[in-house]
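For reference, the structure is listed below as structure tokens.
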Amino acid sequence: MNQPNGLHHVAISTGNIKTQIEYFSDVLGMNLTALYWMHGVENTFHGFMNMGDESVAFVFKEENKDIETVLGQTHSGNAANASAPGTMQHIAFNVDTLDDVLAMRDRIRSRGINVMGPINHGMCHSIYFAGPENLALEISTSGNAEAPLDKNGTWIDPEVAALAGI
């Protein structure tokens with residue numbers, strides 16, 4: 001069957017690609033695997049931070065520096081706040097176990113960054129923290145879940161499904 005089989009990368013606009021690369025390298029331990037002019041887009045470059053088979057990418061255009069960040073519109077600012085439809089609300093990075101979540105929490109806190117959690121969501125445990133330029137970030141694991149996925153690989157609350165019209 002032809003369908004996506006995973007996430008290749010998430011591209012995030014930035015007004016300061018150097019700060020993003022330094023943060024994701026130091027705080028999250030990711031490696032810069034590509035940095036190049038974005039093909040077919042004038043005066044724009046693309047940087048990729050590796051995390052296994054997937055990447056977080058940053059897109060830098062000089063004009064990005066002049067676009068105002070408005071919390072609740074262009075950015076949520078944290079995983080509990082609203083943002084405009086079609087914008088990135090937050091990004092969650094996967095680790096294998098709750099112990100890995102706790103180790104990442106300690107690593108992030110050691111850089112002077114506030115971390116909330118871990119929070120037990122039933123199907124996963126997560127921590128939340130802020131990245132540069134008001135990025136809302138999360139580290140999450142479904143390992144050690146107290147409410148594991150069912151035999152079909154789903155975890156769907158009937159009340160929420162009804163409210164969403166699904």
Side-chain angles (χ1 to χ4, degrees), residues 4 6-30 32 35 38 41-51 54-95 98 100-102 104-142 145 147 154-166:
L7 180 67
H8 186 274
H9 71 275
V10 172
I12 301 169
S13 282
T14 183
N16 189 331
I17 199 165
K18 181 176 188 261
T19 296
Q20 295 291 1
I21 290 168
E22 288 172 345
Y23 181 96
F24 278 74
S25 294
D26 178 50
V27 175
L28 298 176
M30 294 179 184
L32 179 66
L35 182 62
M38 195 167 180
V41 183
E42 193 173 316
N43 298 319
T44 303
F45 42 90
H46 219 2
F48 285 74
M49 304 300 296
N50 178 278
M51 49 180 197
E54 294 88 21
S55 297
V56 173
F58 295 96
V59 177
F60 174 80
K61 290 181 79 65
E62 192 68 35
E63 300 87 52
N64 289 355
K65 294 178 183 179
D66 300 326
I67 298 171
E68 182 182 4
T69 296
V70 181
L71 295 181
Q73 292 180 28
T74 63
H75 292 65
S76 64
N78 70 58
N81 285 345
S83 62
T87 63
M88 186 182 78
Q89 204 275 343
H90 72 278
I91 187 167
F93 301 105
N94 185 65
V95 295
L98 181 56
D100 294 331
V101 170
L102 297 174
M104 287 300 302
R105 178 201 59 195
D106 295 345
R107 176 189 177 117
I108 296 163
R109 283 182 176 166
S110 77
R111 272 67 173 179
I113 298 166
N114 291 326
V115 178
M116 183 178 75
I119 296 174
N120 180 355
H121 296 295
M123 68 162 282
C124 66
H125 291 86
S126 300
I127 60 171
Y128 298 90
F129 56 102
E133 299 176 314
N134 294 298
L135 288 176
L137 303 173
E138 174 182 354
I139 303 286
S140 188
T141 185
S142 292
T154 60
W155 195 71
I156 297 172
D157 182 324
E159 178 185 12
V160 175
L163 289 170
I166 296 172

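When side chains are defined from C-beta on, Gln20 counts as touching Leu135, because their heavy atoms get closer than 4.5 Å. The side-chain heavy atoms of Val160 and Ile166, taken from C-beta on, include no pair separated by under 4.5 Å. A 4.5 Å side-chain heavy-atom check between Ile108 and Ile127 finds at least one atom pair inside the cut-off. In this structure the side chain of Phe93 reaches within 4.5 angstrom of the side chain of Met30, judged on heavy atoms. Side chains of Gln73 and Ser83 form no contact here, defined as non-hydrogen atoms less than 4.5 Å apart. The shortest side-chain heavy-atom distance between Val95 and Met104 falls under the 4.5 Å cut-off. Using a 4.5 Å heavy-atom threshold, the side chains of Ser140 and His125 count as separate. No side-chain heavy atom of Phe48 sits less than 4.5 Å from a side-chain heavy atom of Ile21.
Although no hydrogens or angles enter the test, the distance criterion places no donor-acceptor pair under 3.5 Å between the side chain of Ser25 and the main chain of Glu22. Checking side-chain atoms of Arg107 against main-chain N and O of Val27 turns up a donor-acceptor pair under 3.5 Å. In this structure a side-chain-to-backbone donor-acceptor pair under 3.5 Å is present from Asn81 to Ser76.
Across every non-hydrogen atom of Thr19 and Pro132, the tightest pair is CG2-CB, 3.9 Å. Of all non-hydrogen atoms in Ile12 and Met88, the two that sit nearest each other are CD1-CE, 4.1 Å. The minimum heavy-atom distance linking His75 with Thr69 is given by the pair ND1-CG2, 3.4 Å. Nearest heavy-atom pair, Val59 versus Ala11, reported as atom, atom and distance to 0.1 Å: CG2-CB, 4.0 Å. Scanning both residues, Pro118 and Arg105, for their nearest heavy atoms gives CD-NH1, 3.8 Å.
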Legend entry - Ile17 vs Leu35, side chain to side chain contact (heavy atoms under 4.5 Å, CB included): CA-CA, chis, key distance, verdict: CA-CA 10 Å; Ile17 199 165; Leu35 182 62; 4.0 Å; yes
Inset, instruction - Give the intermediate values and the outcome of side chain to side chain contact (heavy atoms under 4.5 Å, CB included) for residues Tyr23 and Asn16. - result: CA-CA 11 Å; Tyr23 181 96; Asn16 189 331; over 6 Å; no
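Separation of atoms CG (Asn94) and CD1 (Ile139) is listed at 9.0 Å; rounding is to 0.5 Å. Note that NE2 of His90 is 10.0 Å distant from CG of Asn78, once rounded to the nearest 0.5 Å. Taking CG of Asn43 as the reference point, atom CD of Glu63 lies at 7.5 Å (rounded to 0.5 Å). The distance from the NZ atom of Lys61 to the CD1 atom of Ile67 is 9.5 Å, given to the nearest 0.5 Å. For the atom pair CG of Leu7 and CD1 of Ile91, the computed distance is 7.5 Å after rounding to the nearest 0.5 Å.
The environment of CG in Asp106 is crowded: more than 12 heavy-atom neighbours from other residues, nucleotides or ligands sit within 6.0 Å.
For the residue pair Thr14 and Glu133, a side-chain donor N or O sits within less than 3.5 Å of a side-chain acceptor on the partner. Side-chain contact of Ser126 with Glu138: a donor-acceptor pair under 3.5 Å is present, judged by distance alone.
Separation of the Phe58 and His46 ring centroids does not fall under the 6.0 Å cut-off.
Note: His121 and Tyr128 have perpendicular aromatic rings, judged against thresholds of 30 and 60 degrees for the angle between ring planes.
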